[in-house]
Amino acid sequence: MTLRSPAVSSVLIVGGRHPSAARAARRAGLHVHYLGVRDRAPGWLDAEADAVTLVDTGDAESVITAALAVHAERPFGVAITVSDLYIEAVAVVNERLGLLANTTWTTRAVHDKAVMRDVLRDSRTVPVAAARVTTADQARQFAAGSGYPFILKPVDGTGSRGVTLVPDEESLDAALAHTVEADPGPWIAEEYLEGPEFSVETFSCAGEHHLLAVTEKFKGANFVETGHLVPARLSPETVRAMAAEVTACLDAVDVKEGPGHTELVLTDRGPRVVETHVRPGGDGIVELVRLATGVDVQQLTFDWLAGRPLDLNLPRDTSGAAATWFLTPPPGRVTDLGGVQEALSEEGVTEAYLTAAQGDVIEELRSSADRAGAVIAVGDTPDAALHRARRAVGRLKVLTSQTSLAP
């Protein structure tokens, strides 16, 4: 059994639109203080949070100042977030207050993909060629040394935003324009890793990293994820190789505790790290892991913080599987939508929803925000769960029209 020392009795949860973290914290017996932006405040706060502080802007300094003021009035044991927007600010708060948590160095190394590559270059992970770039000339210099194709993306991007494949020199200017449109920079140029993509879901306790699941990923246009499957359809040997590479990565960036989500490509030379995060996986992966293995990553996090004993070395029940598939309608203005109840009636479906509304404009698929809905389905095998999710998403309806975009 592993115990956290010191345990905490209260947490400051920064940001987040879903109540799952607050609910898990309260189930663990913790006092929950929520800190967020006023105009993004979710509707569940009165029911799920013991105390609430709202600020006008979500910039790092505003969040840090507000968190320190909260602690001065009613001290909390640790600040935590599941949002990439606040991970570095939360680390600053914990460090200034002397609270046990992943350090600001770790969060910076994780959040800035160029810094991560610099750190991993001297680690036990297999190196991937990469360089921070701020101009087209620097991108050309990288290509001159590493060759084409390569990937160009923002150093702190999320949701596949601005990720661009540069196949050759003739494509560089257009690729750079695509990435600049998504983010003004700086960016990272890195070796193109060819092969299927996966993510490894982990939980770390006192610097020891435990494998929870491996997620198989499916990609659409512009590297946007269109589906996930747990467990991934991999041999035990490949899973062990992935776990070893992820462990080396987490050691290199000095992750001490909490959930981790590390993305990899399985190349013909073995697994290679794409990026890592000190938070649970998004896109419903937390729910897929819970359905497929029985492990609730959110509950695990707050049980650990509360000092409850954890045994993460027991074999997991992986007799089942879970998959999610996203709806990606053609670009245009939404003219009709529905089908949620029809999708929910399909065998094995546990969740179905639409994120688009009548009159919305669906953009070309360039980031996760351009998807219009999703389903989650379970099955006795990975293939069965995946088949059910893909079949059920076909019951969702989001019709779009280009002509309705005209003024």
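In this chain, residues are counted from 1 in sequence order.
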Search all heavy atoms of Val82 against all heavy atoms of Arg279 and return the closest pair with its distance. O-CD, 3.6 Å
Between Pro149 and Pro167, which heavy-atom pair has the shortest distance, and what is it? CB-CA, 3.8 Å
Flag the pair Ser204 / Lys256 as yes when at least one side-chain heavy-atom distance between them is below 4.5 Å, and no otherwise. no
Which distance, rounded to the nearest 0.5 Å, do you find between the CD of Glu263 and the NE2 of His277? 4.5 Å
Check Phe198, Phe326, Trp325, Phe223 against Phe218 for a ring-ring contact (aromatic ring centres under 6.0 Å, His included) and give me the one that passes. Trp325
Donor-acceptor pair, Ser345 side chain versus Glu342 backbone, under 3.5 Å? yes
Provide the full list of side-chain hydrogen bond (donor to acceptor under 3.5 Å, both in side chains) pairs with a residue in residues 241-251, sequence neighbours left out, each pair given once. Arg124-Asp251, His209-Asp251
With distance as the sole criterion, is a donor-acceptor pair present between the side chains of Asp59 and Thr57 under 3.5 Å? yes
Should Val278 and Ile87 be marked as a side-chain contact (heavy atoms from CB on, under 4.5 Å) after you check the CA-CA gap, both sets of side-chain angles, and the distance that decides it? CA-CA 8 Å; Val278 284; Ile87 281 178; 4.1 Å; yes
Are any of the side-chain nitrogens in Arg333 or Asp360 under 4.0 Å away from the carboxylate oxygens of its partner? no
So which heavy atom on Val93 is nearest to which on Ile64, and how close? CG2-CA, 3.9 Å
Heavy-atom distance under 4.5 Å between the side chains of Lys397 and Asp336, does that happen here? yes
To the closest 0.5 Å, what do you measure between CD (Glu216) and CG (Leu386)? 7.5 Å
For His387, which residues count as a ring-ring contact (aromatic ring centres under 6.0 Å, His included) partner, sequence neighbours excluded? none
Can you measure from CD (Glu275) to CG (Asp156) and round to the nearest 0.5 angstrom? 11.0 Å
Dump the intermediate steps for side-chain contact (heavy atoms from CB on, under 4.5 Å) on Cys249 and Thr276, then the final yes or no. CA-CA 8 Å; Cys249 172; Thr276 191; 3.9 Å; yes
Among residues two or more places apart or on two chains, list those pairs meeting side-chain hydrogen bond (donor to acceptor under 3.5 Å, both in side chains) that have a residue in residues 348-357. none
What I want to find out is whether Arg23 reaches Asp296 closely enough, with some N-O distance under 4.0 Å, to be called a salt bridge. no
Between Thr293 (side chain) and Val289 (backbone), is there a donor-acceptor pair under 3.5 Å? yes
Under the criterion salt bridge (Lys or Arg N to Asp or Glu O under 4.0 Å), I'd like the reasoning laid out for Glu346 against Arg388: C-alpha separation, chi angles, the key distance, then a yes or no. CA-CA 8 Å; Glu346 289 284 340; Arg388 289 173 174 177; over 6 Å; no
Per the side chain to side chain contact (heavy atoms under 4.5 Å, CB included) rule, which among Leu288, Val393, Val349 passes with Ile376? Leu288
Verify, without hydrogens or angle tests, whether Asp370 (side chain) and Ser367 (backbone) share a donor-acceptor contact under 3.5 angstrom. yes
Considering only heavy atoms from C-beta outward, does the side chain of Thr202 approach that of Val246 to under 4.5 Å? yes
To the nearest 0.5 Å, tell me how far Arg371 CZ sits from Leu327 CG. 10.5 Å
Taking Thr107 for its side chain and Thr104 for its backbone only, find out whether a donor-acceptor pair lies under 3.5 Å. yes
Judged by atom type as modelled, is there a donor-acceptor pair below 3.5 Å linking the side chain of Asp50 to the main-chain atoms of Val32? yes
Does Pro6 offer a backbone N or O that forms a donor-acceptor pair with the side chain of Arg4 under 3.5 Å? yes
Does Ile80 reach the side chain of Leu12, with side-chain heavy atoms less than 4.5 Å apart? no
Closest approach of Val230 and Ala292, non-hydrogen atoms and distance? O-CB, 3.5 Å
Please lay out, stage by stage, how Phe302 and Gln298 fare under the test side-chain contact (heavy atoms from CB on, under 4.5 Å). CA-CA 7 Å; Phe302 293 102; Gln298 293 280 25; 4.0 Å; yes
Leu305 side chain reached by Glu257 side chain, heavy atoms, under 4.5 Å: yes
Determine whether a donor-acceptor pair (N or O, by modelled atom type, separation under 3.5 Å) exists between the side chain of Asn94 and the backbone of Ala101. no
Apply the test side-chain contact (heavy atoms from CB on, under 4.5 Å) to residues Val295 and Leu300: give CA-CA distance (whole Å), side-chain angles for both, the deciding distance (0.1 Å), then the verdict. CA-CA 8 Å; Val295 177; Leu300 195 64; 4.2 Å; yes
Using the side chain to side chain donor-acceptor pair (under 3.5 Å) rule, take Glu201 and His261 through it: C-alpha gap first, then chi angles, then the decisive distance, then the call. CA-CA 5 Å; Glu201 322 310 330; His261 170 74; 2.8 Å; yes
Closer than 4.0 angstrom, basic N to acidic O: yes or no for Asp303 and Arg27? no
Single hit among Val274, Val166, Val163, Val128 for side chain to side chain contact (heavy atoms under 4.5 Å, CB included) with Ile151: Val163
Would you say that Val214 contacts Ser199 through its side chain, given a criterion of any heavy-atom pair below 4.5 Å between the two side chains? no
Looking only at heavy atoms, which two atoms of Leu229 and Ala323 are closest? And how far apart? CD1-CB, 3.8 Å
Determine whether the aromatic ring centres of residues His33 and Phe76 are separated by less than 6.0 angstrom. no
Please round to the nearest 0.5 Å and tell me the distance separating atom CG of Leu310 and atom CH2 of Trp304. 6.5 Å
Would you say Ile188 and Lys153 make side-chain contact, with heavy atoms under 4.5 Å? yes
Determine, for Arg108 against Asp112, whether the closest basic-nitrogen to carboxylate-oxygen distance falls under 4.0 angstrom. yes
Any Lys/Arg nitrogen of Lys217 or Asp283 sitting under 4.0 Å from an Asp/Glu carboxylate oxygen of the other? no
Taking the six-membered ring where the residue is Trp, are the ring centres of Tyr34 and Trp44 under 6.0 Å apart? yes
Kindly indicate whether the side chain of Thr400, heavy atoms from C-beta on, has any atom under 4.5 Å from the side chain of Thr335. no
Okay, side chain of Thr238, backbone of Leu234: is any donor-acceptor separation there less than 3.5 Å? no
Gap separating the NZ atom of Lys113 from the CG atom of Asp118, nearest 0.5 angstrom: 14.0 Å
Are Thr81 and Ser83 close enough that a side-chain donor and a side-chain acceptor fall under 3.5 Å? no
Treating Thr53 as the side-chain partner and Leu35 as the backbone partner, does any N or O pair qualify as donor plus acceptor under 3.5 Å? no
Nearest heavy atoms of Arg132 and Ala114, plus distance in Å: NH2-CB, 3.5 Å
Step-by-step side chain to side chain donor-acceptor pair (under 3.5 Å) determination, Thr106 to Thr103: CA-CA 5 Å; Thr106 292; Thr103 66; 3.2 Å; yes
For Ser20, does its backbone N or O pair with a side-chain atom of His18 as donor and acceptor, under 3.5 Å? yes
